[in-house]
Undergrad: 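Could you have a look at this structure, given as structure tokens, before my questions?
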Amino acid sequence: MMKSQKVELALNKQINEELFSAYMYLAMAAESDRLGLPGFTNWFKIQYSEELAHADRFFNYVLERDGIIKLESIAQPEIGGETALSLFKKALTHEQHITQCISDLKDLAKVESDHATDVFLEWFITEQVEEEANARAVIDQLRMIDGNANGLFLIDRELASRKAAPTNEQQ
Ligand code: FEO
């Protein structure tokens, strides 16, 4: 058990948040396929893997601190009848929510004088800046083309080139 049970509980909750994120992006990958956008599918599938890696990072950290893992159910993602733009708008809104979760977690670690967790969360603070920026960049492009099919084709080709990030161990 970790020194602060509140922190332990919050870290477990974050594992669930990250697994839900993975699940949501997987649903978005399927929706992109339905829309005939293989590049978008590729992007969301890679994002799905990244979220699994985030969950893993929290999982490993809790175990390293002699904490107890308690896995809860993962909620059903509400994805359906989307457009390319609505998918990325949902992605951005979700990442903003995750940023808030990380920020709340960091505040809690400080209040509980859990310095190790406070430092551990630094990586996620930086990561969230990138997560929001990535979604915002695609939204900007989609707004620029304003539904133009040629433009959408080009964005899809660009998203097809996204490669999986190195795993946690390699970073
Ligand atoms: Fe795990 Fe997209 O934040």
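If you read the sequence from its start, that first residue is 1, and numbering goes on from there. As the structure lists them, so they are numbered: ligands from 1, and atoms in each ligand from 1.
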Undergrad: How are the rings of Tyr25 and Phe44 set to each other: parallel, tilted or perpendicular (split at 30° and 60°)?
TA: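 It falls in the parallel class, under 30°.
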Undergrad: If I take atom CG from residue Asn42 and atom CG from residue Leu159, how far apart are they, to the nearest 0.5 angstrom?
TA: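 With rounding to 0.5 Å, CG (Asn42) is 8.0 Å from CG (Leu159).
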Undergrad: Under a 4.0 Å N-O cut-off, is there an ion pair linking Lys13 with Glu72?
TA: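 Result for this pair is no, no salt bridge flagged.
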Undergrad: Is a salt bridge present between Lys106 and Asp118, judged by a nitrogen-to-oxygen distance below 4.0 Å?
TA: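 Result for this pair is yes, salt bridge flagged.
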Undergrad: State whether Arg162 and Glu50 are salt-bridged, where the test is any N-O pair (Lys NZ or Arg NE/NH1/NH2 against Asp/Glu carboxylate O) under 4.0 Å.
TA: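 Between Glu50 and Arg162 there is a salt bridge, with a charged N closer than 4.0 Å to a carboxylate O.
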Undergrad: For the aromatic rings, using the six-membered ring if either is Trp, is the centroid distance between Trp43 and Tyr48 under 6.0 Å?
TA: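 Ring-ring flag for Trp43/Tyr48: false, centres at least 6.0 Å apart.
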Undergrad: So what's near atom 2 (Fe) of ligand 1, protein N, O or S atoms under 2.8 Å?
TA: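 Protein N/O/S atoms under 2.8 Å of atom 2 (Fe) of ligand 1: Glu51 OE2, Glu95 OE1, Glu95 OE2, Glu131 OE2.
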